Structures are given as structure tokens and as C-alpha cells.
Amino acid sequence: MTELKDRTAASLAAIAAANTLDALEALRIDALGKQGWISELLKTLGRMTPEERQTQAPAIQAARSEVADALADRKQALEAADLEARLATETLDLTLPAPESPRGSVHPVSQVMDELAEIFADLGFAVKTGPEIEDEWHNFTALNMPESHPARAMHDTFYFPDHDDQGRRMLLRTHTSPVQIRTMVAEGAPVRIIAPGRVYRSDSDATHTPMFHQIEGLVIDRGIHLGHLKWTLETFLKAFFERDDIVLRLRPSYFPFTEPSVEVDVGFALENGRRVLGGSGDAPGHAWMELLGSGMVNARVLEMSGLDPAEWQGFAFGLGVDRLAMLKYGMDDLRAFFDGDIRWLRHYGFSAFDQPTLSGGVGVRA
Ligand code: 2NL
């Protein structure tokens, strides 16, 4: 019994004197660890007679809790002292700049698509999308492009080896017009939509990439005429280039899906080697640049989409989004758009917070 009292007193004294958490842990193992002296004493209880156990157990249990309590108290005291010491010595400079987290940017093509959607939404157009893998009927036949049309040749169009379940050849769409065909077939008239998206042609040089972006517009209603087409394009281009002096020149042209067809030029001047739109192309120092194609929807296209051309008329237009971005934001090589060079994107990319709005100006200034 006195031996137990002595060992307990010795343990308690050592615990009170422990100056580090490591030393304290060593003392805990020495007393209460698997082979600690108190643990060994507790094991002896199991080998005693019930009478012996009754007389010895209380003292051993008491010693165990006394040592355990002392360990816990000392641990708390040492941890508190540790924290005090750290608070006294460590400093945190709250004036240092926070580490910068990497920020993404919006690709110029996405930015221009957003700007176009904003402008045309204001004119009452809905945005429509459709599949990039199309069948021949929606991409060519319904657009009045006969079997013999050169654009249908393998040379210009990416065909898939498989046909659909109606035996139509499948292909990567060469324009977004099939989206408009699908809209007329599914919803009928009137129609007022834009269809932006990726299109594919077997073409590759400094000014052509096999994938590029197009936006087409389609308006179908009663009594639609070329005047509506001209006003819409003029209003759109003035809003997009944020200039009131944009001048359009309409030239007769030919597309199988429009009749009459109209090529639209805009006047521009060269300023420091850059094309800046504005003014008549016939003014001194100015010239005309072809910007987009358009026309009145061919009656055969209306018929194939299930609309009666005697009741419904419409206009359509199409233009390249990539070229539009180059013109507005001053990039000179189309291929850089799709190289995936992060440095190019950092230079030309836009902040996700530059949301185009008509009131705030639809464009972004450098
Ligand atoms: C261009 C300009 C154009 C259209 C696209 C169109 C769509 C339907 C019906 C009639 Cl569903 N037209 N789109 C019209 C004129 C021009 O794109 O330079 N294309 C080769």
C-alpha cells in the first residue's frame, strides 16, 4: 500500500515538473500506457480472489484517476502556455497583398456572340441552337441546294461514313441554316430568330479554318420586304460597332436559299493600318468591304419548310462571327483564335464581368 502511495506521489511530482508535451506523453506511457505501471497493477486485479480484489481495487482505481487527472491538467496548462508563447512571438502582417487567384477570361468569339445576342434580343429575336451533326436534307436539300451544288461535294463538306435511318448522308453542318429550317418546320410562322454556332468546311489557310463560327438571322411574317432587311442590318451594325455613321451598300448577289440575294458592304477607312468602319466607302480615303450575305427567303425554301409563300415572306442573313470579332477588336490572324495559346487569350480575352448591355455600351474598350 505504501509502495502504491509512493509510486503515485512520484508520478504526480514528475507530471507537475514536466515542461514539454513530449515529456508529459512519456510520463503518460510510463503510468497508463499498455505496459505502464498502473496498467500492470490493474491486470493483477484479474488474477485475485474476489475478497482480495475488493480490498485492493479501490486504491488502484483511485491512483489511476489521480494520475489521469493530473496528466490532463498538465497537458492543458502546457498547451495554453504554448499558445501564449506563439501569440507573443508570431506576427501576421495584414497589410501584405493577398495571393492572387488565377482568373479565367472570356474568349473573343464568346464575347461577340454575347454582344450579338444582346443586340438582337433588343430587336425581339430569340436565340436558337441545333445539332452540329446534320443530315443532308436539313443542311442542303431544304435550302434549295441541288445535288449538283458544288458545296455538296466531298471536297468542301465533312461527311460521315454512316447514313441516318432514312438513308440520308450525315455531315458536319456547313452553316447554321439548318437551325432555321428546323425552327420553321417545328414552330411554323411567324419567326424572328438568330442562330449562332460552330460550322465546318474543308478549308484551311490564313483566312479559313475548318471550324468557324457563324450567326444567321431569320424573320418570317406577313408582308416582310427588303426594307425590313436593310433597316434591321443597319440598326444591328450601328449597335455592334457603336458608331452612328455606319453606311451600308447593298449589291445584288446569288444564294440558292434567297431570292433576291443581297451582299452587304460597309464603308471603312484605314487608320494606322487598321480598318475602322464608318462613313461611305465612296468618301475620300474610304473603301467598301464585304461584310455579310442576305436576301429574301426563297419561296421554295418556305415551301419545303411547310410554309405557304403566298401568306408568309421573310428575310435572312448570315455572317462570320470570327471575322466580326477581328474587325471590332483588332486581331489580325484568324488561326490564333483556335490555337489555344493562353498568352493570346490573356491579351485579347475579356473579363467575365464585361457583360454586354445596350445601356452600358455593348462593346468593351481596351
Ligand atoms: C453567306 C451569308 C446567308 C442565309 C445565309 C438563310 C437561311 C434560311 C433561309 C434563307 Cl433557313 N437564308 N440564310 C441567307 C443569305 C445569306 O449567309 O454569305 N452565306 C454563304
Side-chain angles (χ1 to χ4, degrees), residues 105-132 173 175-199 212-246 248 257-258 262 264 266 277 291-297 305 307 312-329 349-365:
S105 57
V106 176
H107 195 281
V109 169
S110 304
Q111 174 73 24
V112 166
M113 296 259 209
D114 288 350
E115 294 176 12
L116 295 169
E118 180 68 21
I119 292 167
F120 280 105
D122 193 58
L123 295 172
F125 287 64
V127 177
K128 290 279 180 184
T129 56
E132 290 174 23
R173 68 179 182 191
H175 41 196
T176 56
S177 315
V179 176
Q180 284 117 288
I181 298 292
R182 287 176 180 280
T183 303
M184 286 189 281
V185 169
E187 299 173 21
V191 175
R192 206 186 283 188
I193 58 165
I194 52 167
R198 295 190 184 103
V199 300
F212 59 103
H213 299 85
Q214 202 192 21
I215 182 166
E216 287 195 30
L218 176 71
V219 170
I220 308 275
D221 213 324
R222 296 185 176 90
I224 295 293
H225 54 71
L226 271 177
H228 296 120
L229 168 64
K230 188 179 184 211
W231 180 88
T232 304
L233 293 178
E234 195 174 296
T235 304
F236 144 58
L237 291 172
K238 284 178 175 173
F240 180 75
F241 288 105
E242 298 185 279
R243 292 183 69 123
D244 255 348
D245 61 347
I246 300 284
L248 271 55
F257 27 86
T258 45
V262 175
V264 178
V266 287
L277 300 196
L291 194 59
L292 57 93
S294 63
M296 301 305 295
V297 178
S305 301
L307 299 179
W312 302 103
Q313 299 76 43
F315 68 79
F317 56 89
L319 65 165
V321 176
D322 312 295
R323 210 168 77 93
L324 219 49
M326 292 170 76
L327 260 178
K328 182 163 175 178
Y329 293 112
F350 298 93
S351 160
F353 297 110
D354 285 327
Q355 290 284 342
T357 59
L358 287 180
S359 56
V362 86
V364 176
R365 259 149 289 264

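These numbers were taken from a predicted model, which means no experiment stands behind them. All values below were derived from every heavy atom in this structure, side-chain atoms included, with hydrogens, water molecules and symmetry-related copies excluded.
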Classify the ring geometry of Phe257 against His175: parallel below 30°, tilted from 30° to 60°, perpendicular beyond 60°.
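Taking His175 first and then Phe257, their aromatic rings stand perpendicular (interplane angle over 60°).
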
Between Phe317 and Phe120, how do the two ring planes meet: parallel, tilted or perpendicular, split at 30° and 60°?
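Aromatic pair Phe317/Phe120 classed parallel.
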
Once rounded to the nearest 0.5 Å, what's the spacing between atom [atom1] of [X] and atom [atom2] of [Y]?
{"X": "Leu237", "Y": "Ile246", "atom1": "CG", "atom2": "CD1", "answer": "6.5 Å"}
{"X": "Arg243", "Y": "Lys238", "atom1": "CZ", "atom2": "NZ", "answer": "12.0 Å"}
{"X": "Phe241", "Y": "Leu327", "atom1": "CZ", "atom2": "CG", "answer": "5.0 Å"}
{"X": "Leu292", "Y": "Glu216", "atom1": "CG", "atom2": "CD", "answer": "11.0 Å"}
{"X": "Thr232", "Y": "Arg192", "atom1": "OG1", "atom2": "CZ", "answer": "8.0 Å"}
{"X": "Glu115", "Y": "Phe236", "atom1": "CD", "atom2": "CZ", "answer": "10.0 Å"}

For the residue pair [X] and [Y], establish whether any side-chain heavy-atom pair is separated by less than 4.5 Å.
{"X": "Met296", "Y": "Leu226", "answer": "yes"}
{"X": "Val219", "Y": "Phe125", "answer": "yes"}
{"X": "Leu123", "Y": "Trp231", "answer": "yes"}
{"X": "His213", "Y": "Val112", "answer": "no"}

So does [Y] get a backbone contact from the side chain of [X], meaning a donor-acceptor N/O pair under 3.5 Å?
{"X": "Lys128", "Y": "Val179", "answer": "no"}
{"X": "Thr176", "Y": "Pro196", "answer": "no"}
{"X": "Asp221", "Y": "Pro190", "answer": "no"}
{"X": "Arg198", "Y": "Arg173", "answer": "no"}

Minimum heavy-atom distance [X]-[Y], with the two atoms named:
{"X": "Gln180", "Y": "Gly217", "answer": "NE2-O, 3.7 Å"}
{"X": "Leu116", "Y": "Ile194", "answer": "O-CD1, 4.2 Å"}
{"X": "Ile181", "Y": "Ser305", "answer": "CD1-OG, 3.6 Å"}
{"X": "Lys230", "Y": "Leu248", "answer": "O-CD2, 4.2 Å"}
{"X": "Thr258", "Y": "Ser294", "answer": "OG1-O, 4.0 Å"}
{"X": "Ile224", "Y": "Gly314", "answer": "CG2-CA, 3.9 Å"}

Take Arg323 and Leu291 through the test side-chain contact (heavy atoms from CB on, under 4.5 Å) and record every step on the way to the result.
CA-CA 9 Å; Arg323 210 168 77 93; Leu291 194 59; 3.7 Å; yes

Do Trp312 and Val297 pass the side-chain contact (heavy atoms from CB on, under 4.5 Å) test, and can you show the C-alpha distance, the side-chain angles, and the key distance before you say yes or no?
CA-CA 10 Å; Trp312 302 103; Val297 178; over 6 Å; no

